[in-house]
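These notes concern the structure reproduced below.
Scope of the values below: all heavy atoms of this structure, side chains included, with no hydrogens, waters or symmetry mates.
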Amino acid sequence: MTSIAEKWQKEWEKAKIFEANPDRTRNKFFTTVAFPYPNSPFHLGHGRTYVTCDIYARYMRMKGYNVLFPMGFHYTGTPIIAMADDVAKGDKELIDIFKNIYEIPDNVISKLADPLFMANYFRDEIKKAMKEIGLSIDWRREFTTIDPEFSSFIVWQFNKLQEKGYIVRDTHPVGWCPVHHIPVGMHDTKGDMEPEIGEFVLIYFNSDLGILPAATLRPETVFGAIGIWVNPDVTYSIIELDGKKMIVSERAAFKLTFQFDNIKNLGSIKGSELTKYKAVNPITGKEIPIMAADFVDPNVATGIVMSVPAHAPFDYYYLKKNKQQDMQIVSVIQVEGQGDTLAKDLVEKTNPKNKDDLQKLTEQVYRIEYNKGKMKDVSSLVKPEFVNYFKSFIGLSVPEARQKVTEFLIEKGLGRKIYEIMNRPVYCRCGNEVVVKILKDQWFLDYGNPQWKALAKKLISNMKFIPPEIRKDFEFVTDWLQKRACARTRGLGTPLPWDKKWIIESLSDSTIYMAYYTISHKIRQYQLKPSQLTYDFWNYIMLGIGDIDKISSETGISKEIIREMRNEFLYWYPLDIRHSGKDLIPNHLSFFIFNHAAIFPEELWPKAIAVNGFVLYEGKKMSKSLRNIIPLRKALRIYSPDVVRIALTSTADMGSDVNFSDSYAKSVGEILRRYYEFIKELPKYDGEGSEFANNWLKAQVSSIVLSSTKNMDNIDFRSTINDILYSFDSYLREYIDMCKADGKEPNGKLLREVIETWIKLLAPFAPHFAEEIWHELGHTTFISLEKWPTAEESSEDLYYILIHEYHKRIIEDSQKIINYYYKGKPSIVKIYVAEQELMKVLREAVQILSNGGTLKQLMEKERPSDKKLANIIRKIYELAVELDDNMKKLILGYNINEREILELGTKYMSYKLGIPVEVYDVSKLDKSKYNKEALPLKPAIIVE
RNA sequence: GCGGGGGUGCCCGAGCUGGUCAAAGGGGGCGGACUCAAGAUCCGCUGGCGUAGGCCUGCGUGGGUUCGAAGCCCACCCCCCGCACCA
């Protein structure tokens, strides 16, 4: 199988059948799939999306479209650099994966320390995999995102976004390595921990030493702060921040230098020393004690916290432990049915033993109060000058109060916000603990811009989504997206045109590159230099803006070439469909939508997005730790390309995860092999077949063509493969059985016709296999370019299909009875058909039902002469209710003679049952012996 | 918390515009054919009861709508995924 695949891949390449050029006489279809980031070879998981795109591309090609399916490689970003560093450092885990999972030779691994070598090596590796799995790509258009030609395009895009006001400057907190001074994302940390950045509110409690900035996530409880906790065993720094003298832990003093410029270190003081002083609550104005507690972590925020025993389990617990519970607890938040001192009550009730218990209680209190808590009247607790403001707080929910208190504190200069790593400690790969750095003058794409959002929403409303459920995801993401940093200080990529120290980050330089495919091969063909690809040049190619004479003379590119490129762009754009995995919905695909909406006119907006789920291996998620990552090329060697294509795309529908299992892949290989053998043996069938069987088979094939076309249009590969691989197989067997039962040889000519239709249906899924069969059948064309089969819906086909189904149901019923036959071995099945009159009643019943009528109407129409007949009519009515729609059509459309229909199938029935089958009219039934009645389509069956 | 997707028989997994649904298709198990034998392949059975195509129970839990619910509505429980400057 693999050698067949190689053979046809070479033939395709030789004939250049996937190189697509503009052709005004044909409808075009432009499809893309999210290009790969080459930091590893492809594994099975990558394969699914690309094959999905390819199957659909091949389908559309067979439907007569001029299909463009291009590919590029995404070099932009930091992970490749980080990985190359790790290789250079001899990172054991990474090298182990390269060596033992991806089977990369040792002499190559050592070279991977060079990031560019790594990218190129994996690019080539991925490209090989793509070719080996049979993707029908036009490789002339390949590029990488660090090609200078591509960079010129990105420069144009960013200038465009800048012009429209969609790029803004702002400050922005990031995870930061305090030693090497670089931003730290998930790929740069030990254990791939994403540094989560959150906000603490500092509340300024005055003291004789200066301000004690208590850090809290719950500023709304400040009214109940009756003390300040410090850790007596650590050293605190005296600093100046915002011109104010403050006390914070030494670590905090260090960390805050990454967030503020105006910090001075004035000295230090022992924590135990601090407890000799008193502090003043800035909101209540009350003097409160500074107390010692070892639970205060100097590494979190400022290392100073306020004590609110009513609402913080730690605070109450330590108050009690220090025998200070005589202090008056002040309550601020009321929870319906749970009192107003939740922390105190829970500590008393559950009696926590250690910090873990207290931590759990804290989370519990936080959750309950956050969701259900209401503010009490706090105006009586505050300084006289604040009373009026806080009167309105009564009844506020906790989140509302939190926001208001925070705003109040900041406005009055009584507090401020700082950032902290919430899931600390997170360590940089270099070993240092990550801190928060505020980057100033960071560049953002302003996805929060209301006009831009509106455009994106408009694009979404006209877009087709597969599967349709994902539309909701896009709508939600569009609402939720805000400013997004679009440049980093390091990594591969294109510098921002107006501020070159910033590199445009990877999710921002990959939003409209599909447009670049349309002309990338022309840049190469005409050897255009990056310096020629100016802003004006791109403006003309992409938007038709500007004076072509001027552009031609300024860039030195001939007018013909510029025009040709513009025309080619216009031929292929808009993009017809984009494929990707579902993980890209909240990021790449949403940015793709936003940027198209921003840059291009509405008629060039992309038309459809198709996303697929992940690939499981033997029912489990593939992961490094489970070591169950199967390199794609390895799978191709083991199972052959066509089998992998089917196993990756056709066992689940688009949205859900596919389970790649060895046994399923093998069974696909097996069934393809069986088909192959069957086709080899086709010449031995030289009979005429039986008439009914021939008609039935033709009908069944038509129906498969119709359903497959419908399913392919919806990218429902699972149903299609089910029909063409498995149902079709059983139809062939049934056909041969039907002929045999009738004493006839199967019709070879018909079988050949049927196989020719079938192999075309299979071609998008198993193109190599299909190509081979197609040529075995004597054709010299490429099946990849053949026309997709068509069929007409016909009532005659339906008739044959339903009659055969009816036969099978009689067989099934007979079999059931035979299984319960107790008088030895059954020797004959006798079928007694209901009176023809009753069939008319059934038809009447169906008619009445389809007009929304009832049993009553049927009775009125039929006017049964006695009770027995009335009973039968009732049963017929019930039968009619349960018939499926096709059967109803059949009954209404044909004057059915049930006896004739049955006789068409008696030979088949007795063949299947292994004993003779005879058909009689019900009048021949000896009612004294068998208490049975015959209804239309439900004949009486007697086994003897 | 917010948003999305789910919970089906021994297992995996379809069905979800209400009626041929005791519920496709696999897998596993049991029995049979073929074979010296094993494997592969093919055939039958695989919720319970039943000496004739039937009855009963049943698709997360509890209600409801309906002549009729795996499917529709409500409430609850549980599981998975995403939540940003990162590809």
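- Within the 4.0 angstrom heavy-atom criterion, base atoms lie near A/L507.
- In this entry the distance linking CG of A/D583 with P of B/C80 reads 19 Å, nearest Å.
- Contact annotation for A/I942: base contact, defined as any heavy-atom pair under 4.0 Å involving a base atom.
- Side-chain atoms of A/R809 come within donor-acceptor range of the base of B/U20, with a qualifying N/O pair under 3.5 Å.
- Checked against side chain to side chain contact (heavy atoms under 4.5 Å, CB included), A/E125 has the following partners two or more places apart in sequence or in another chain: A/P41, A/Y121, A/R633.
- Among the heavy atoms of the strands, none lies under 4.0 Å from A/K582.
- Consecutive Watson-Crick or G-U pairs involving RNA chain B, each under 3.5 Å on both distances, make up stems of three or more pairs at B:1-7 with B:77-83, B:10-12 with B:25-27, B:28-33 with B:41-46, B:47-49 with B:54-56, B:60-64 with B:72-76.
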*asked:* Does the protein touch nucleotides 2-7 of chain B at the base, only the backbone, or not at all? Give it as B, S and - per nucleotide, heavy atoms under 4.0 Å.
replied: SSSS--
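- With sequence neighbours left out, the side chain to side chain contact (heavy atoms under 4.5 Å, CB included) criterion links A/L217 to A/F200, A/M422.
- Position along RNA chain B of the nearest nucleotide to A/L937 versus A/Y664 favours A/L937 as the more 5'-ward residue.
- Residues satisfying the side-chain hydrogen bond (donor to acceptor under 3.5 Å, both in side chains) test with A/K888, not counting sequence neighbours, are none.
- With distances taken from any side-chain atom of A/R484 to the nucleotides B/G82, B/A84, B/G53, the minimum falls on B/A84.
- Straight-line distance from the CD1 atom of A/I470 to the C1' atom of B/C81: 14 Å, rounded to whole Å.
- Residue-level contact check: A/P36 touches neither bases nor backbone, having no heavy atom under 4.0 Å from any strand.
- Between A/K437 atom NZ and B/C85 atom P there is a gap of 17 Å when expressed in whole angstrom units.
- Scanning for salt bridge (charged side-chain N to carboxylate O under 4.0 Å, His left out) contacts around A/D657 gives A/K582, with sequence neighbours left out.
- Residues satisfying the side chain to side chain contact (heavy atoms under 4.5 Å, CB included) test with A/L879, not counting sequence neighbours, are A/L842, A/K938.
- Regarding A/L584, its CG atom lies at a distance of 16 Å from the P atom of B/A84, rounded to whole Å.
- In terms of the side chain to side chain contact (heavy atoms under 4.5 Å, CB included) criterion, residue partners of A/E670 (sequence neighbours excluded) are, by chain and number, A/R673, A/R674.
- When the C1' atom is used for both B/G18 and B/C81, the distance is 31 Å, rounded to whole Å.
- In this structure, A/D729 atom CG and B/G26 atom P are separated by 10 Å, rounded to whole Å.
- Within 4.0 Å (heavy atoms only), A/A940 reaches at least one base atom of the nucleic acid.
- Comparing B/A69 with B/G63, their P atoms are spaced 14 Å from each other, to the whole Å.
- Phosphate proximity of B/A87 to A/S506: present, with a side-chain N or O under 4.0 Å from OP1 or OP2.
- Scanning for side-chain hydrogen bond (donor to acceptor under 3.5 Å, both in side chains) contacts around A/D653 gives A/S656, with sequence neighbours left out.
- The distance between atom CD of A/Q442 and atom P of B/A84, rounded to the nearest whole Å, is 16 Å.
- Judged as a salt bridge (charged side-chain N to carboxylate O under 4.0 Å, His left out), and not counting sequence neighbours, A/E618 has no contacts.
- The separation of B/G7 from B/U61, taken at their P atoms, amounts to 13 Å, rounded to a whole angstrom.
- For A/K620 and B/C81, the NZ to C1' distance is 20 Å, given to the nearest whole Å.
- Nearest-nucleotide assignment on RNA chain B puts the 5′-proximal partner with A/V881, out of A/E670 and A/V881.
- The aromatic ring centroids of A/Y37 and A/Y75 lie 6.0 Å or more from each other.
- Between A/R733 and B/U41 there is no side-chain polar atom (N or O) within less than 4.0 angstrom of OP1 or OP2.
- Residue pairs that meet the salt bridge (charged side-chain N to carboxylate O under 4.0 Å, His left out) test with at least one member in residues 805-814 of chain A, sequence neighbours left out, are A/E734-A/K808.
- When distances run from any side-chain atom of A/W480 to the nucleotides B/G53, B/C83, B/A87, the shortest one goes to B/C83.
- Checked against a 6.0 Å centroid threshold, the rings of A/F42 and A/F122 do not count as neighbours.
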For nucleotides 9-14 of chain B, give me every protein contact, N/O to N/O, under 3.5 Å, one pair per line with atom names.
{"unit_1": "B/A14", "atom_1": "O3'", "unit_2": "A/R718", "atom_2": "NH2", "d": "3.1"}

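- Aromatic rings of A/Y513 and A/H74 (six-membered ring for Trp) have centroids beyond the 6.0 Å cut-off, not under it.
- At distances below 3.5 Å, at least one donor-acceptor pair connects side-chain atoms of A/N659 with backbone N or O atoms of A/G619.
- Within 4.0 Å of A/R471, counting heavy atoms only, lies no atom of the nucleic acid at all.
- As a whole-Å value, the separation of A/I817 CD1 from B/A52 C1' is 5 Å.
- Seen from the ring of A/F592, A/R578 counts as a face-on cation partner, given the 6.0 Å and 45° thresholds.
- For A/V943, counting side-chain heavy atoms from C-beta on, the closest listed nucleotide (B/C86, B/A52, B/A84) is B/A52.
- Of all nucleotides listed (B/A87, B/C42, B/G53), B/A87 comes nearest to the side chain of A/N587.
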